[in-house]
Amino acid sequence: VQLQASGGGLVQAGGSLRLSCAASGRTFSNYAMGWFRQAPGKEREFVAAISWSGGSTYYADSVKGRFTISRDNAKKTAYLQMNSLKPEDTAVYYCAADFTYDPPSVSSANPEGYDYWGQGTQVTVSS
């Protein structure tokens, strides 16, 4: 499956952005989806994951209550709604697909568990 992330940009602290991850190729609903981010000089960090059906989600503590992951299988697209953004949210955001029907959990935070990755979209939050 090919993934295309979009929606990044420059926003002031406290603002919002919605990232999209459009998929093509294999059946999108066969895959759980995850969002990761990587800031300069730092390792890739898990943000959120959603099950193949959209019925289960899992978040990093750093974004819980501010970010919401969702998906629309008919549109083959996953989303990351980011509210109350902070300067420390600045990073390149990546979406990823995992061929699994398991509900998201702590194991979803391991980037090695994902089969496909998008190219990333830059999010910059100014103070």
Side-chain angles (χ1 to χ4, degrees):
V1 63
Q2 293 78 45
L3 303 175
Q4 179 77 32
S6 63
L10 174 63
V11 64
Q12 288 187 334
S16 299
L17 281 175
R18 188 176 81 155
L19 306 184
S20 298
C21 178
S24 60
R26 298 180 182 268
T27 304
F28 179 66
S29 58
N30 285 345
Y31 295 83
M33 297 297 296
W35 285 95
F36 289 76
R37 65 187 181 186
Q38 189 166 19
K42 295 187 177 181
E43 293 187 353
R44 191 164 296 192
E45 175 189 23
F46 170 75
V47 175
I50 189 167
S51 62
W52 67 274
S53 66
S56 299
T57 57
Y58 182 76
Y59 296 92
D61 288 343
S62 59
V63 306
K64 201 173 296 182
R66 300 189 298 122
F67 291 10
T68 301
I69 188 171
S70 62
R71 66 188 297 160
D72 185 332
N73 285 345
K75 294 183 178 179
K76 295 186 177 182
T77 303
Y79 304 96
L80 185 68
Q81 177 67 45
M82 306 186 294
N83 298 329
S84 302
L85 283 161
K86 304 175 181 180
E88 52 263 43
D89 294 319
T90 295
V92 177
Y93 283 70
Y94 299 89
C95 58
D98 178 11
F99 186 68
T100 182
Y101 293 114
D102 293 336
S105 66
V106 63
S107 63
S108 302
N110 183 0
E112 295 183 3
Y114 290 81
D115 302 294
Y116 301 97
W117 289 84
Q119 87 292 356
T121 184
Q122 175 71 46
V123 172
T124 303
V125 184
S126 63
S127 58

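Remember, predicted model here, so these are calculated numbers, not experimental data.
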Checklist entry - Given the rule in the side-chain contact (heavy atoms from CB on, under 4.5 Å) test, do F67 and L85 qualify, once you have shown the distances and angles that lead to the verdict? => result CA-CA 9 Å; F67 291 10; L85 283 161; 3.8 Å; yes
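- At distances below 3.5 Å, at least one donor-acceptor pair connects side-chain atoms of R71 with backbone N or O atoms of F28.
- Residues E45 and S62 meet the side-chain proximity criterion, which asks for heavy atoms closer than 4.5 Å.
- No side-chain donor-acceptor contact under 3.5 Å links D98 and Y116.
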Next on the checklist: Does S16 form a side-chain contact (heavy atoms from CB on, under 4.5 Å) with Q81? I'd like the steps, not just the answer.
Outcome noted: CA-CA 7 Å; S16 299; Q81 177 67 45; 3.9 Å; yes
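- L19 is not listed as a side-chain neighbour of Y94, based on a closest heavy-atom distance of 4.5 Å or more.
- Of the options P104, S107, P103, a side-chain contact (heavy atoms from CB on, under 4.5 Å) to Y58 is made by P104 and by none of the others.
- Checked by atom type and distance alone, the side chain of T90 pairs as donor or acceptor with a backbone atom of V125 at under 3.5 Å.
- Residues L3 and M33 form a side-chain contact, since some pair of their non-hydrogen atoms from C-beta on lies under 4.5 Å apart.
- Once rounded to the nearest 0.5 Å, the distance linking NZ of K76 with CD of Q2 reads 10.0 Å.
- No side-chain donor-acceptor contact under 3.5 Å links Q38 to the backbone of A91.
- Between Y79 and D72 the shortest side-chain heavy-atom distance falls below 4.5 Å.
- Under a 3.5 Å cut-off, the side chain of Y59 and the backbone N or O of I69 do form a donor-acceptor pair.
- Between the side chain of N73 and the main chain of S29, no donor-acceptor pair closer than 3.5 Å is present.
- In this structure the side chain of L80 never reaches within 4.5 angstrom of the side chain of V63, judged on heavy atoms.
- Clustering ILVMFWY residues whenever any of their side-chain heavy atoms sit less than 4.5 angstrom apart, transitively, puts V123 in a cluster other than the one holding W117.
- Hydrophobic clustering (side-chain heavy atoms under 4.5 Å, transitive across Ile, Leu, Val, Met, Phe, Trp, Tyr) groups V11 together with Y93.
- Look at K86 and D89 and you find no salt bridge, because none of the NZ, NE, NH1 or NH2 atoms lies under 4.0 Å from a carboxylate O.
- With D102 contributing its side chain and S108 its backbone, the two residues share no donor-acceptor pair below 3.5 Å.
- Inter-residue side-chain proximity for M82 and R66 is flagged as unmet; no heavy-atom pair is nearer than 4.5 Å.
- In summary, the side chains of T124 and Q122 do present a donor paired with an acceptor at a separation below 3.5 Å, with no hydrogens or angles considered.
- The one candidate from F36, Y114, W35 that meets the ring-ring contact (aromatic ring centres under 6.0 Å, His included) condition with F46 is F36.
- Looking at every heavy atom in both residues, T121 comes nearest to G7 through OG1-N, 4.0 Å.
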